[in-house]
Amino acid sequence: MNSDLPKLSLFNSLHRQVEEIQTINPGKISLYTCGPTVYDSSHIGHARSFIAWDVLVRYLREIGFDTTWVRNITDIDDKIINRAKLLGIEPEKLARIETYKFWRDMQALNIQWPDHEPKATENLPQMFDFIQGLIDKEHAYRTENNDVYFRVKSFNDYGQLKKLVCPDEVVSRIEHQDCKESNADFALWKGFAKDEIGFDSPFGHGRPGWHLECSSMIKRYLGETIDIHGGGEDLVFPHHENEIAQSEALHQKKFANYWIHNGMIMVDGKKMSKSEGNFITIEKALQSFSGNAIRFFVLSAHYRQPVNYTEQALEAAQVGINKLLKSVEAFNTDKYPPAPLTGGVKAKRDSSEKQIFDQAAIDEFHKAMSDDLNTPCALAILFDLAKRINKAEENTGILGNTLAKLLDVLGFNLQEKPLSSQAAVDNKALYDFLLQQRREARELKNFAKADQIRILIEQSGYKLKDSPQGTELIPV
RNA sequence: GGCGACGUAGCCAAGUGGUAAGGCAGAGGUCUGCAAAACCUCCACCACCGGUUCAAAUCCGGUCGUCGCCUCCA
């Protein structure tokens, strides 16, 4: 840890204020963020959340924290079962397919692999122990239909995140279920008939409650108390509230010291969501925009603000990130490879090679990022570097090093070309011929012909860019 | 109804007491055969009304508007 760095502060949802991070163990951070339920494609809203926490992890490592990051995969769930039934395939198969799609999306967005990515189905014994522990302490009870519920009234600190006045009052909309002692109680285990999809457990055949997996995985991989727990703002209640209740009731100690939540992506003033049907999948967005552009779009707003999704915003993001990448492309970006394809890679970057950076810019960057991850401000610092590089009035080597490093800390893929030129590659022979013709025309000062070829190429969707190195095709 | 967030230029978006970062779009200019890129210049009475203060986008009160959560949710 470098003590000269500004102290990292984050908005802690527990106390609704920005707080300086004090870790349990000096120099180490344990972080858990909620992952996907693999039943359908991820959309831009999910991308925002995953990018935000990816940037947090990258920044934590940048300022020297030994960070252990866990993100789960919910691979057993009613939504998966229902969707699989609809498709006529086994739920495990659907979950497997969607998990691969999720990984592919994460790779396209250059999101690092967590150190652990546990699946719910691989942590059942841990969940059983968790439930039994709660039953033993009378924080949970079994019902005659083999459900197990958490007894919310037995946990006095319920409502830390949401500041509920009275749990019963808040859940008054829920239909009363006779088997439950109180409406506020939530399922740890749902009993199902033997012929239904489920698992055998000490409590009978059935399936785990949604909240349970996170609590038991956190216990398994990170311990009873962790530094930071993150997720989407829409998970605050009931998901995170119930995680706290379960874990703190069982362990009699603090569950997570800091809770961080990202704001929602909006479409036409409404939250992007599956149920609203107003979502753009990551896959779809990648057809028109680069992974870097999506990341730029996400980082151009503060992570807690709601952000409106528009094509226009994505286009602006694409132009913006292209400009930054353009400024840095002449420099050695090989030092910053894309996120690795395998998980559990902690040592991110080779820092053995001494590099010279523009310390003032780095300091400013740290200041912005340490202030609750002010990425819009951080991006402004990057644009300032790009401008100085383009002016070429200073030592561009140092500035280029700095820009490359900071782009990398924000998780931009420096190997990605500023713009995808796939179509140009597909028709390479044709374009090469046209460009050759135009070059000859220009050499003979036949500018009329040169312009005709320019117009022809421009009509096929490319801009021409002449430079001493030759002519470049840039897709519009 | 309860709890919470937000309203800053055509668009996106920082800034939370000392007088408005940055990006996109646009205008003018420099440089190029033209164009592009790059660079320079220009572009905001901070939703409204009161109040506190020497000083308010920023703090307080109110009004209007938008959104989120309240057992599918990133």
Side-chain angles (χ1 to χ4, degrees), chain A residues 13 16 33-37 39 42-53 77-79 82 159 161-167 169-175 183-187 209-211 230-239 241-242 261-266 269-276 279 296-297 299-302 304-310 312-324 326-327 368 371 374-384 386-387 389-393 442 445-448 450-451 454-455 458 463-467 471-472 474:
Chain A
S13 303
R16 295 196 183 148
T33 58
C34 289
T37 299
Y39 76 106
S42 299
H43 57 60
I44 299 294
H46 301 114
R48 189 214 194 158
S49 188
F50 298 136
I51 289 170
W53 308 140
D77 173 272
D78 285 0
K79 288 197 292 292
N82 294 336
L161 271 173
K162 210 46 187 173
K163 307 273 185 282
L164 308 179
V165 183
C166 162
E169 193 178 299
V170 171
V171 295
S172 60
R173 294 201 328 193
I174 308 161
E175 273 180 51
N183 279 346
D185 294 350
F186 56 91
W210 174 39
H211 317 301
E233 197 176 32
D234 52 354
L235 298 181
V236 171
F237 187 89
H239 187 50
E241 199 69 71
N242 290 348
H261 292 100
N262 63 276
M264 299 291 105
I265 294 283
M266 320 291 288
K270 284 259 177 281
K271 178 179 144 188
M272 179 181 285
S273 71
K274 286 284 164 54
S275 48
E276 285 280 339
F279 58 93
F296 187 100
F297 166 71
L299 299 184
S300 66
H302 185 85
R304 283 191 285 114
Q305 293 302 117
V307 172
N308 218 42
Y309 171 89
T310 60
Q312 204 187 9
L314 257 292
E315 280 160 15
Q318 183 74 69
V319 176
I321 187 59
N322 285 343
K323 198 165 172 180
L324 292 175
K326 188 91 187 130
S327 299
D371 180 16
N374 192 337
T375 53
C377 199
L379 286 176
I381 293 158
L382 267 57
F383 275 104
D384 180 60
K387 183 167 281 188
I389 289 168
N390 294 338
K391 274 183 169 178
E393 289 171 355
R442 291 174 72 207
K445 308 262 186 223
N446 186 349
F447 295 123
D451 284 345
R454 168 195 291 284
I455 290 164
E458 283 178 348
K463 279 197 301 196
L464 291 183
K465 184 189 162 190
D466 293 323
S467 71
T471 303
E472 215 182 314
I474 301 169

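Every chain is numbered from 1 and lettered A, B, ... according to where its sequence line falls, protein lines coming before strand lines. Fair warning: this is a prediction, and the values are worked out from it, not measured in the lab.
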Partner nucleotide of B:rC3 by Watson-Crick or wobble geometry (both distances under 3.5 Å): B:rG68

Per atom distances to the A:Gln312 side chain, the nearest of B:rC11, B:rA35, B:rA36 is B:rC11

Between A:Lys391 and A:Phe383, whichever has its closest RNA chain B nucleotide further toward 5' is A:Phe383

Can a donor-acceptor pair under 3.5 Å be found between the side-chain atoms of A:Asp77 and the base atoms of B:rC72? no

Counting any heavy atom closer than 4.0 Å, what does A:Asn374 reach on the DNA or RNA strands: base, sugar-phosphate only, or nothing? sugar-phosphate

Cation-pi between A:Lys274 and A:Tyr39: NZ/CZ under 6.0 Å from ring centre and within 45° of the ring axis? yes

For B:rA21, give its Watson-Crick or G-U wobble partner with both distances under 3.5 Å, or none. none

For B:rC72, does the base pair up with any side-chain atom of A:Ser275 as donor and acceptor (N or O, under 3.5 Å, distance only)? yes

With no hydrogens and no angle check, do the side chains of A:Asn390 and A:Ser327 hold a donor and an acceptor under 3.5 Å apart? yes

Starting the side chain at C-beta, find the nucleotide from B:rC70, B:rA14, B:rG22 nearest to A:Phe237. B:rC70

Can you identify which nucleotide, out of B:rC34, B:rA14, B:rA74, has its nearest atom closest to the A:Cys34 side chain? B:rA74

Nucleotide forming a Watson-Crick or wobble pair with B:rU63, both distances under 3.5 Å: B:rA47

Would you say the base of B:rC67 and the side-chain of A:Lys271 have a donor-acceptor pair closer than 3.5 Å? no

Is a donor-acceptor contact shorter than 3.5 angstrom present between the side chain of A:Asp451 and the base of B:rG33? yes

Who is the Watson-Crick or G-U wobble partner of B:rA9, with both distances under 3.5 Å? none

Would you say A:Lys465 reaches B:rA38's phosphate, i.e. side-chain N/O to OP1/OP2 under 4.0 Å? no

